[in-house]
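The structure displayed is predicted, hence computed values, not measured ones. Order of the sequence lines fixes the chain letters, A, B, ..., with proteins taken first and strands second; residue numbering starts at 1 for each chain.
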Amino acid sequence: MQPFTERVVQIIHSIPPGKIMTYGQIAASAGSPRAARQVVRILHAMSTTQQLPWHRVVNKHGEIALGDPDSAEEQRLRLEEEGITFTLEQRIPLEQYRFEPDLSVEEVSNEE
DNA sequence: AAATTGACCATGG
DNA sequence: TCCATGGCCAATT
């Protein structure tokens, strides 16, 4: 099985523009529902990689989780560019924008 | 091999 | 409802 990191990266790549996922959601899709913090660490490591849509990842409250205000603002601008509107509390309505991957990266032939 | 990291999350006051 | 605390997990050092 591929390292957890590889799957997380792949999942983040699969988030379409205008949609977002939470850290916990990504961890769960990668197979470890409790490993949200691991997703955080990965994003730190990949922060220099522009090819990863890191800005489509927010915390469970629909808030930008970055510590650095500078980067946080950049993230908000990028999301707004993709059509996402923030509430007055600068939160994202999760029910509206949350992206839910169908099954896994590997599709299953038979279900139900 | 043990300790550290980290942009989280659930819970209790 | 908001803040503090503790648990959590896997990669990195």
Side-chain angles (χ1 to χ4, degrees):
Chain A
M1 181 184 288
Q2 292 178 336
F4 186 78
T5 302
E6 289 300 321
R7 276 181 296 169
V8 169
V9 168
Q10 195 169 356
I11 288 167
I12 293 175
H13 271 298
S14 76
I15 307 175
K19 293 285 182 175
I20 56 94
M21 283 183 79
T22 68
Y23 298 92
Q25 222 186 329
I26 291 169
S29 292
S32 296
R34 306 282 174 143
R37 312 192 64 200
Q38 183 63 13
V39 176
V40 169
R41 216 188 50 73
I42 292 167
L43 282 168
H44 266 273
M46 311 294 283
S47 61
T48 56
T49 305
Q50 297 182 349
Q51 301 176 353
L52 189 73
W54 54 271
H55 57 281
R56 309 213 180 108
V57 186
V58 299
N59 71 18
K60 200 176 187 194
H61 303 293
E63 302 164 325
I64 290 175
L66 279 112
D68 300 322
D70 207 32
S71 304
E73 180 172 325
E74 179 184 347
Q75 182 173 9
R76 193 186 77 247
L77 291 176
R78 286 197 187 211
L79 292 173
E80 287 175 344
E81 286 291 322
E82 297 186 351
I84 292 180
T85 58
F86 285 67
T87 68
L88 295 178
E89 297 130 355
Q90 297 184 333
R91 296 204 273 189
I92 296 172
L94 287 176
E95 63 281 0
Q96 185 175 354
Y97 293 110
R98 173 170 11 191
F99 172 63
E100 298 174 13
D102 294 332
L103 291 171
S104 302
V105 183
E106 302 280 337
E107 82 281 3
V108 180
S109 304
N110 55 328
E111 78 265 15
E112 312 205 4

Please tabulate, one pair per line, all N/O donor-acceptor pairs under 3.5 Å involving side-chain atoms of residues 56-64 of chain A, not counting sequence neighbours.
| residue | atom | partner | partner atom | Å |
| --- | --- | --- | --- | --- |
| A:R56 | NE | A:E82 | OE1 | 3.0 |
| A:R56 | NE | A:E82 | OE2 | 3.2 |
| A:R56 | NH1 | A:I15 | O | 2.8 |
| A:R56 | NH2 | A:E82 | OE2 | 2.9 |
| A:N59 | OD1 | A:H61 | N | 3.0 |
| A:N59 | OD1 | A:G62 | N | 3.3 |
| A:N59 | OD1 | A:E63 | N | 3.0 |
| A:N59 | ND2 | A:E63 | OE1 | 3.4 |

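- With sequence neighbours left out, A:E81 forms a salt bridge (Lys or Arg N to Asp or Glu O under 4.0 Å) with no residue at all.
- Contacts of A:E89 classified as salt bridge (Lys or Arg N to Asp or Glu O under 4.0 Å), with partners at least two apart in sequence or in another chain: A:R91.
- Rounding to the nearest 0.5 Å gives a distance of 10.0 Å between CD1 of A:I42 and CG of A:L52.
- Every residue two or more places apart in sequence or in another chain was checked for a salt bridge (Lys or Arg N to Asp or Glu O under 4.0 Å) with A:R41, and none qualifies.
- A heavy atom closer than 4.0 Å to some atom of DNA chain C occurs in no member of residues 16-23 of chain A.
- Here A:R98 pairs with nothing under the salt bridge (Lys or Arg N to Asp or Glu O under 4.0 Å) rule; sequence neighbours left out.
- Of the residues in residues 64-71 of chain A, those lying under 4.0 Å from DNA chain B by heavy-atom distance are A:A65, A:L66, A:G67.
- Taking CG from A:L77 and CD from A:E74, the interatomic distance works out to 8.0 Å, rounded to the nearest 0.5 Å.
- Contacts between residues 81-93 of chain A and DNA chain B, counted as heavy-atom distances below 4.0 Å, involve no residue at all.
- In terms of modelled atom types and a separation under 3.5 Å, the side chain of A:Y97 and the main chain of A:T85 share a donor-acceptor contact.
- With sequence neighbours left out, the side-chain hydrogen bond (donor to acceptor under 3.5 Å, both in side chains) criterion links A:T87 to no other residue.
- Between the CZ atom of A:R76 and the OG atom of A:S71 there is a distance of 13.0 Å, given to the nearest 0.5 Å.
- The distance from atom CZ of A:R7 to atom OG of A:S29, rounded to the nearest 0.5 Å, is 10.5 Å.
- Evaluation of the salt bridge (charged side-chain N to carboxylate O under 4.0 Å, His left out) test over residues 14-29 of chain A, restricted to residues two or more places apart or in two chains, returns none.
- The NZ atom of A:K60 sits 14 Å away from the C1' atom of C:dC8 (whole-angstrom rounding).
- A:Q25 contributes no side-chain N or O that, together with a main-chain N or O of A:I20, makes up a donor-acceptor pair within less than 3.5 Å.
- A 4.0 Å heavy-atom criterion places the boundary nucleotides of DNA chain B facing chain A at B:dT5 to B:dA10, written 5' to 3'.
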Contacts under 3.5 Å, N or O only, protein and nucleotides 10-13 of chain C:
| residue | atom | partner | partner atom | Å |
| --- | --- | --- | --- | --- |
| C:dA10 | OP1 | A:S32 | OG | 3.1 |
| C:dA10 | O4' | A:Q38 | OE1 | 3.4 |
| C:dA10 | N3 | A:Q38 | OE1 | 2.5 |
| C:dA11 | OP1 | A:F4 | N | 3.3 |
| C:dA11 | O4' | A:Q38 | NE2 | 2.9 |
| C:dA11 | O4' | A:R41 | NH2 | 2.5 |
| C:dA11 | O3' | A:R41 | NH2 | 3.1 |

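- Closest-nucleotide positions on DNA chain B for A:R37 and A:H61 were compared, and the one nearer the 5' end corresponds to A:R37.
- In this structure, A:I92 and A:F86 approach most closely via the heavy-atom pair CG1-CE2, 3.6 Å.
- Taking CD of A:Q75 as the reference point, atom CH2 of A:W54 lies at 5.0 Å (rounded to 0.5 Å).
- Remark: the A:R34 side chain and the C:dC9 base include no donor-acceptor N/O pair separated by less than 3.5 Å.
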